[in-house]
Amino acid sequence: MKTIGIIAEFNPFHHGHKYLIDEAKRITQADFCICIMSGNFVQRGAPALLDKYVRTRMALLNGIDLVVELPVYYATGSAEYFSRGAVRLLDKLGVVDFLCFGSECGDIGILKSSAKKLSDENPAFQKALQANLKKGLSFPNARSQSIESLLLFTANAAHSSIELPTIINEPNNILGIEYLKALDFFDSKIVPVTIKRHGLGYHDEQTASATAIRKLLTGVKPGDKPDNLPELSKAVPKNTLPFYENQEKNKITKLYDIDTFSELLYYKLTLNSDSGYTHFFDVSSDLSDKIRKNLFHFYGYEDFIHTLKSKDLTYMRISRCLNHILLDIYDTDVTLFMENDYVFYARMLGFKENAGALLKKIKKCSSIPLLSKLADAEKLLDGIGMKMLKKDIQAAHIYNRDINEYTAPIVKH
């Protein structure tokens with residue numbers, strides 16, 4: 001029995017995701033596909049457009065056999081933390097043969113070589129990186145300039161020379177490289193497979209990209225039917241359209257954006273203004289001071305990000321940091337989890353009814369509990385595991401007060 005793992009947010013699910021799943025199964029001849037999926041808050045430091053249960057149902061309709069939630073501590077982290085948490089979770093399930101991911105590059109050899117050059121163990125890269133960070137450059141710019149100061153990457157004989165800065169400036173290449181670094185970090189036996197992305201990139205504001213789909217739905221209120229369904233239908237699988245039409249089993253589908261949480265964020269920022277914000281994960285003293293100085297210019301979540309943005313503080317970095325403040329994600333907690341092997345459970349969000357053989361094998365081979373009922377968690381997890389799980393539950397309740405995590409049923413298809 002062959003099993004592939006996919007790491008995704010499906011924010012929202014679109015044709016590119018469907019293509020990745022289908023191609024991954026075709027190339028590997030796998031029997032099952034497991035997805036490690038972000039919950040209700042995602043890696044760019046924002047709430048997911050649709051809640052995790054809706055996105056789970058979309059995934060199960062389109063080729064995924066089991067959806068496992070990525071703990072929020074990693075789901076909201078930078079590419080490195082996101083990748084390490086997800087890869088470790090796949091690894092601990094004990095059944096995954098392949099990690100499949102999309103990339104602009106489409107060449108696993110190039111990505112592996114790039115990952116090696118970007119490795120923490122490469123002293124030349126680290127020296128150049130630290131020097132550029134001391135100059136006040138943002139991490140992405142410091143990393144890019146560090147690579148430029150080293151050498152051109154020459155691919156194998158079948159390829160032309162490619163500059164590494166070009167490789168690492170594409171979002172899916174960046175994540176792919178981090179997946180490869182994580183596989184190496186954990187000495188995992190999972191085999192990486194990359195599939196070249198076709199069509200538009202992640203940030204393109206045309207219909208096929210995740211960014212474009214979110215833009216199409218901006219301003220659609222809960223319970224409203226989007227006016228632009230014809231455009232949306234070009235970008236997403238037909239079987240997912242009922243979720244946007246808010247007609248799925250007569251339930252209202254809520255759509256979220258970052259400003260949904262403006263008032264709560266302002267409350268949290270005000271509550272912590274005297275002590276500062278450096279105890280929250282990834283918040284530097286410079287950013288903490290900047291937040292305090294600009295707090296009386298807070299007019300909304302997104303507007304505040306632009307207020308804080310500068311050449312050495314990117315939009316994405318600030319967004320993630322504010323998300324950590326919103327959700328009480330502390331630096332000491334993340335350190336604790338990493339020092340104790342990253343993940344402690346696999347919480348099921350949904351599965352296909354015909355995936356019984358996969359679930360049976362996971363229960364036999366996994367080194368961590370497969371959680372199907374939260375009521376069982378305290379019997380199966382130690383204090384550190386419960387600490388991580390409670391944050392997942394808290395984040396879900398902050399996101400949607402209408403869904404009780406303790407009684408929400410696992411999605412079945």
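Because the structure is predicted, anything quoted here is derived from the model rather than measured.
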Are Leu358 and Ile34 side-chain neighbours, meaning at least one heavy-atom pair lies under 4.5 Å?
yes
Quick one, Cys35 and Leu66 - any side-chain contact, counting heavy atoms below 4.5 Å?
no
Hey, are Asp91 and Arg88 close enough for a salt bridge, meaning a charged N less than 4.0 Å from a carboxylate O?
yes
A side-chain contact here means heavy atoms from C-beta on lying under 4.5 Å apart; do Tyr315 and Glu302 qualify?
yes
Please assess Ile7 against Phe101 for the test side chain to side chain contact (heavy atoms under 4.5 Å, CB included), listing each intermediate value before the final yes or no.
CA-CA 7 Å; Ile7 301 165; Phe101 58 90; over 6 Å; no
Any salt bridge linking Glu353 with Lys412? Criterion: basic side-chain nitrogen under 4.0 Å from a carboxylate oxygen.
no
So, Thr240 side chain and His14 main chain: donor-acceptor pair closer than 3.5 Å or not?
no
Audit row: Ile190, Leu90, side chain to side chain contact (heavy atoms under 4.5 Å, CB included) steps and yes/no
CA-CA 9 Å; Ile190 295 174; Leu90 279 175; 4.2 Å; yes
Backbone N/O of Ile110 and side chain of Ser113: donor-acceptor pair under 3.5 Å
no
Would you indicate whether the side-chain heavy atoms of Val343 and Leu70 approach each other to under 4.5 Å?
no
May I ask you to say whether Lys268 pairs ionically with Glu263, meaning some side-chain N is under 4.0 Å from a carboxylate O?
no
Is there side-chain contact between Met37 and Ile64, with at least one heavy-atom pair below 4.5 Å?
no
Does Arg84 make a cation-pi contact with Tyr74 (under 6.0 Å, within 45 degrees of the axis)?
no
Look at the side chain of Asn40 and the backbone N and O of Lys52, then say whether any donor-acceptor pair between them is shorter than 3.5 Å.
yes
Quick test of your reading of the model: are Lys390 and Glu405 salt-bridged, counting only N-O distances below 4.0 Å?
no
Test Tyr53 against Leu349 for side chain to side chain contact (heavy atoms under 4.5 Å, CB included), laying out the working first.
CA-CA 7 Å; Tyr53 297 108; Leu349 292 178; 4.1 Å; yes
Separation of Met58 CE from His413 NE2 (nearest 0.5 Å):
13.5 Å
Counting distance only, does the side-chain N/O of Ser275 pair as donor-acceptor with the main-chain N or O of Asn272 below 3.5 Å?
yes
In Å, rounded to the nearest 0.5 Å, how long is the span from OG of Ser262 to CZ of Phe298?
5.0 Å
With side chain to side chain contact (heavy atoms under 4.5 Å, CB included) as the test, would you mind laying out the steps for Thr3 and Asp31 before giving the verdict?
CA-CA 6 Å; Thr3 302; Asp31 304 287; 6.0 Å; no
Closest heavy-atom pair and its distance - Ile177, Ala115:
CG2-CA, 3.7 Å
From the list Asp184, Thr194, Leu180, side-chain contact (heavy atoms from CB on, under 4.5 Å) partner of Lys112 resolves to Leu180
To the nearest 0.5 Å, what is the distance between CZ (Phe351) and CG (Leu60)?
9.0 Å
More than 12 foreign heavy atoms under 6.0 Å from OH of Tyr267: is that the case here?
no
Can any side-chain N or O of Asp282 pair as donor or acceptor with the backbone N or O of Cys321 at less than 3.5 Å?
no
Is the number of heavy atoms from other residues, nucleotides or ligands under 6.0 Å of Lys25 NZ greater than 12?
yes
Backbone N or O of Leu269 within a donor-acceptor pair of the Tyr277 side chain at under 3.5 Å?
yes
Is the distance between the ring centroids of Tyr301 and Phe261 under 6.0 Å?
no
Given the side-chain rings of Tyr81 and Phe281, with only the six-membered ring counted for Trp, is the space between their centroids under 6.0 Å?
yes
Is the backbone of Ala355 close enough, under 3.5 Å, to the side chain of Lys360 for a donor and an acceptor to pair up by distance?
no
Ring centroids only, cut at 6.0 angstrom: are Tyr342 and Tyr73 within range, meaning strictly under it?
no
What's the spacing between Phe10 CZ and Lys18 NZ if we round to 0.5 Å?
10.5 Å
If you measure from CD on Gln43 to OG on Ser38, what distance do you get to the nearest 0.5 Å?
8.0 Å
Does any N or O in the side chain of Ser188 come within less than 3.5 Å of the main-chain N or O of Leu183, such that one atom is a donor and the other an acceptor?
no
Decide yes or no for Asn323 and Ile329: does some side-chain heavy atom of the first lie under 4.5 Å from some side-chain heavy atom of the second?
no
Does Glu378 CD have over 12 foreign heavy atoms under 6.0 Å away?
no
Parallel, tilted or perpendicular, judged at 30° and 60°: which one describes the rings of Phe280 and Tyr330?
parallel
Taking the basic N atoms (NZ, or NE/NH1/NH2) and the acidic carboxylate oxygens, is any pair closer than 4.0 Å for Asp392 and Arg347?
no
To the closest 0.5 Å, what do you measure between CG (Asp274) and CZ (Arg292)?
7.0 Å
Could you check whether any side-chain N or O of Arg55 sits under 3.5 Å from a backbone N or O of Glu9, counting only pairs where one atom can act as donor and the other as acceptor?
yes
Flag the pair Glu104 and Lys196 as a salt bridge only when some basic side-chain nitrogen lies within less than 4.0 angstrom of an acidic carboxylate oxygen.
no
The test is ring-ring contact (aromatic ring centres under 6.0 Å, His included); show your working for Phe41 and Tyr399 and say whether it passes.
CA-CA 8 Å; Phe41 290 90; Tyr399 180 90; 5.8 Å; yes
Any donor-acceptor pair under 3.5 Å linking the side chain of Thr260 with the backbone of Tyr256?
no
pair Cys100-Thr28: side-chain heavy atoms closer than 4.5 Å:
yes
